[in-house]
Amino acid sequence: MSKFKVVVTDYEYSTLAPEQDVLSEVDGVEFIAVQCQTEDEVIKAAKDADALINQYAPITRKVIENLPKLKIVSRYGVGVNTIDIDAATENDVIVGNVTDYCMDEVSDHAFALLMACARKVVLLNREVKSGRWDFKVSVPIYRLRGSVLGLIGLGRIPQLLAAKAQAFGMKVVAFDPFVPKHVAEGLQVELLELNELCAQADFVSVHAPLIESTKGMIGEEQFKAMKKEAFIINTARGPVIDEQALIAALEQGEIAGAGLDVVEEEPIQEDNPLLKMDNVIINPHVAWYSEEAQLELKRKTAQNVADVLNGFYPSYLFNSNVKETVKLKNRN
C-alpha cells in the first residue's frame with residue numbers, strides 16, 4: 001500500500017518521467033497524472049492526495065479546504081497565481097515554486113523581442129516574402145547604442161537583461177521599490193520612479209510578478225508618459241499591462257510598438273486587435289523554454305514535493321511564514 005499520493009493536476013508536457021525519477025527517492029509514492037480544469041475536477045482527482053504538482057488548474061481555497069491530507073502544492077514555474085496562498089498557509093500547506101530555472105532563457109527572449117522591435121525584422125521578413133524588396137517599409141529605425149532600456153522590476157532576470165543590453169551600449173534604468181540603491185548602482189543601473197522611467201526609456205521591459213498591486217500597473221498614464229518612438233516588451237505576465245490601454249496607445253500612436261510573450265488572456269482570442277497590428281510581435285508564452293530549462297523545471301518542481309514528503313522544507317519555499325505552524329527539517 002502506498003504511503004503517499006502525489007497528483008499532477010494538469011500538464012502540457014510529453015513525458016513526466018523526470019518527475020517520477022525524482023519522486024522515486026521517496027518510499028511508497030503513488031504517482032497520478034490527470035488533466036483538471038476546474039476546482040471540482042481537482043477535488044475529485046486529489047481528494048486523498050498528500051501533494052499536488054500544478055500547472056494551470058485552479059488551486060483555490062475551496063480546493064485546499066477539501067483536501068485534508070494535503071501537505072504541499074508545487075507549481076511548475078516562478079509565478080504562483082493559480083494558488084490561493086493565504087488559504088494554503090492557513091491550512092498548513094506548503095507552496096513551492098521554481099524561481100531560477102529559466103533566467104537566461106527569459107532575459108535572452110526579452111532582448112530578442114527588443115531587437116526584433118528595434119530592427120523591425122519581423123515586418124521586413126513579412127514584406128520580403130510577400131514580394132516587396134524595399135527597406136523603406138521599416139522607416140524609421142534608430143541606433144540601439146546610446147538608447148535607454150527601462151526595466152520594470154530588477155530581480156535576477158532583469159539583472160541579466162541589463163548586462164546584455166549594456167554590452168550593446170544601452171543605458172539601463174529601472175523601477176523597483178524593493179531594490180536598494182547600492183544594488184542598482186553595482187549593476188550600473190539608475191533607479192527611477194515608474195512614470196519617470198516611462199518618459200526616459202526607448203524600450204520598456206516588464207519583469208514584475210503578477211500580484212494584486214501589479215495588476216494593470218502599466219496603464220494609460222504610463223503609455224501617455226512614454227515616447228512615441230518607444231516600444232514595450234513583456235515577458236512577465238500579461239495582466240501586469242492594462243491591455244485595453246495598450247491597444248489604445250498603439251492605435252493612437254502614443255508608442256511605436258510592442259513585443260509580447262504574454263497577454264492578458266491566454267491563448268489570445270482571435271478577435272484581439274493586437275493580432276492585426278504590424279508593429280506588435282506576439283509569442284505564445286515561450287520565453288521560459290529551452291530543453292535544458294524544461295528538464296530543470298520538471299525536476300525541481302518534483303524535488304519540492306520529495307523534500308516535504310521526506311520531512312524537509314523545500315529549497316523553493318514560497319509561503320515561508322508557514323514555518324510558524326509546519327515544523328520540518330532544514331537541509332544542510
Side-chain angles (χ1 to χ4, degrees), residues 12 37 56 79 81-82 106 109-132 134 136-142 147 149-153 175 194-195 197-199 201-289:
E12 55 184 3
Q37 296 182 350
Y56 302 122
N81 48 293
T82 60
V106 176
H109 204 89
F111 198 68
L113 288 172
L114 185 157
M115 288 287 290
C117 288
R119 298 302 307 173
K120 300 184 180 175
V121 292
V122 175
L123 171 66
L124 289 164
N125 175 71
R126 183 169 59 246
E127 291 295 314
V128 170
K129 288 185 175 180
S130 65
R132 187 177 183 187
D134 186 357
K136 291 188 292 294
V137 299
S138 67
V139 172
I141 288 178
Y142 299 99
S147 63
L149 170 61
L151 302 171
I152 309 297
F175 166 73
L194 178 58
N195 286 2
L197 177 149
C198 290
D202 299 290
F203 303 90
V204 175
S205 189
V206 179
H207 299 278
L210 179 59
I211 56 178
E212 194 60 36
S213 61
T214 63
K215 188 174 182 180
M217 70 180 292
I218 312 299
E220 181 180 356
E221 182 180 350
Q222 286 68 45
F223 289 120
K224 288 188 181 300
M226 289 171 64
K227 302 175 183 178
K228 292 185 182 298
E229 301 82 14
F231 292 88
I232 188 160
I233 311 297
N234 192 3
T235 52
R237 287 293 185 270
V240 176
I241 295 176
D242 180 335
E243 196 164 282
Q244 292 307 307
L246 170 61
I247 291 168
L250 290 162
E251 290 176 339
Q252 294 163 20
E254 292 177 349
I255 62 173
L260 308 173
D261 185 55
V262 290
V263 291
E264 200 165 273
E265 185 177 351
E266 298 178 4
I268 193 169
Q269 297 301 298
E270 293 180 3
D271 60 351
N272 192 313
L274 293 170
L275 292 172
K276 297 181 180 180
M277 296 181 181
D278 289 340
N279 56 344
V280 176
I281 300 169
I282 303 179
N283 286 177
H285 202 150
V286 69
W288 63 275
Y289 171 70

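- Looking at heavy atoms from C-beta onward, Val262 lies out of side-chain contact with Val240 at the 4.5 angstrom threshold.
- The shortest non-hydrogen separation linking Ala236 to Val206 is CB-O, 3.5 Å.
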* Could you give me the CA-CA distance, side-chain angles and deciding distance for Ile152 and Thr214, then say whether side-chain contact (heavy atoms from CB on, under 4.5 Å) is met? => CA-CA 10 Å; Ile152 309 297; Thr214 63; over 6 Å; no
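- The line from CG of Leu210 to CD1 of Ile241 is 11.5 Å long, rounded to the nearest 0.5 Å.
- Partner Leu260 forms a side chain to side chain contact (heavy atoms under 4.5 Å, CB included) with one of Leu113, Leu246, Ile268 and no other, that one being Leu246.
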* Step by step, would you call Asp202 with Glu229 a side-chain contact (heavy atoms from CB on, under 4.5 Å)? -> CA-CA 7 Å; Asp202 299 290; Glu229 301 82 14; 5.6 Å; no
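- From Ile281, atom CD1 reaches atom CG of Leu274 across 12.5 Å, with rounding to the nearest 0.5 Å.
- Among all heavy-atom pairs drawn from Ser130 and Glu127, the shortest one is OG-O, 2.8 Å.
- Counting heavy atoms from C-beta on, the side chains of Asn283 and His109 come closer than 4.5 Å.
- Here the side chains of His285 and Asp261 are in contact, with some heavy-atom distance below 4.5 Å.
- Residues passing the side-chain contact (heavy atoms from CB on, under 4.5 Å) test with Pro273 are Ile247, Glu251, Met277, sequence neighbours excluded.
- A distance of 4.5 Å separates CZ in Arg126 from CG in Asp278, rounded to the nearest 0.5 Å.
- Residues passing the salt bridge (charged side-chain N to carboxylate O under 4.0 Å, His left out) test with Glu243: none are found, sequence neighbours excluded.
- Contacts classified as side-chain hydrogen bond (donor to acceptor under 3.5 Å, both in side chains) and involving residues 215-224 (residues at least two apart or in different chains) are given here: Asn195-Glu221, Asn195-Gln222, Lys224-Glu254.
- Rounded to the nearest 0.5 Å, atoms CG (Asp271) and NZ (Lys276) are 8.0 Å apart.
- A 4.5 Å side-chain heavy-atom check between Ile218 and Phe223 finds at least one atom pair inside the cut-off.
- Taking a 6.0 Å sphere around CD of Gln37, one finds it holds 12 or fewer heavy atoms contributed by other residues, nucleotides or ligands.
- Looking at residues two or more places apart in sequence or on another chain, you find a side-chain contact (heavy atoms from CB on, under 4.5 Å) between Asp242 and Gln244, Ala245.
- Nearest approach of Leu250 to Ala258, heavy atoms of both residues: CD2-N, 4.4 Å.
- Using a 4.5 Å cut-off on side-chain heavy atoms (C-beta onward), Ser205 and Leu114 make no contact.
- The main-chain N or O of Arg237 is found under 3.5 Å from a side-chain atom of Asn234 such that the two form a donor-acceptor pair.
- Annotation for Ala201 and Val204: closest pair CB-CG2, 3.8 Å, computed over non-hydrogen atoms.
- In this structure, Lys228 has no side-chain contact (heavy atoms from CB on, under 4.5 Å) partners at least two apart in sequence or on a different chain.
- Legend: residues meeting salt bridge (charged side-chain N to carboxylate O under 4.0 Å, His left out) with Arg119, ordered by chain and number and at least two apart, are absent.
- Within the 4.5 Å cutoff, no side-chain heavy atoms of Glu266 are placed close to those of Tyr56.
- Between Ser147 and Phe203, the closest heavy-atom pair is OG-CE1, 3.9 Å.
- The shortest non-hydrogen separation linking Ser138 to Leu124 is CB-CD2, 3.7 Å.
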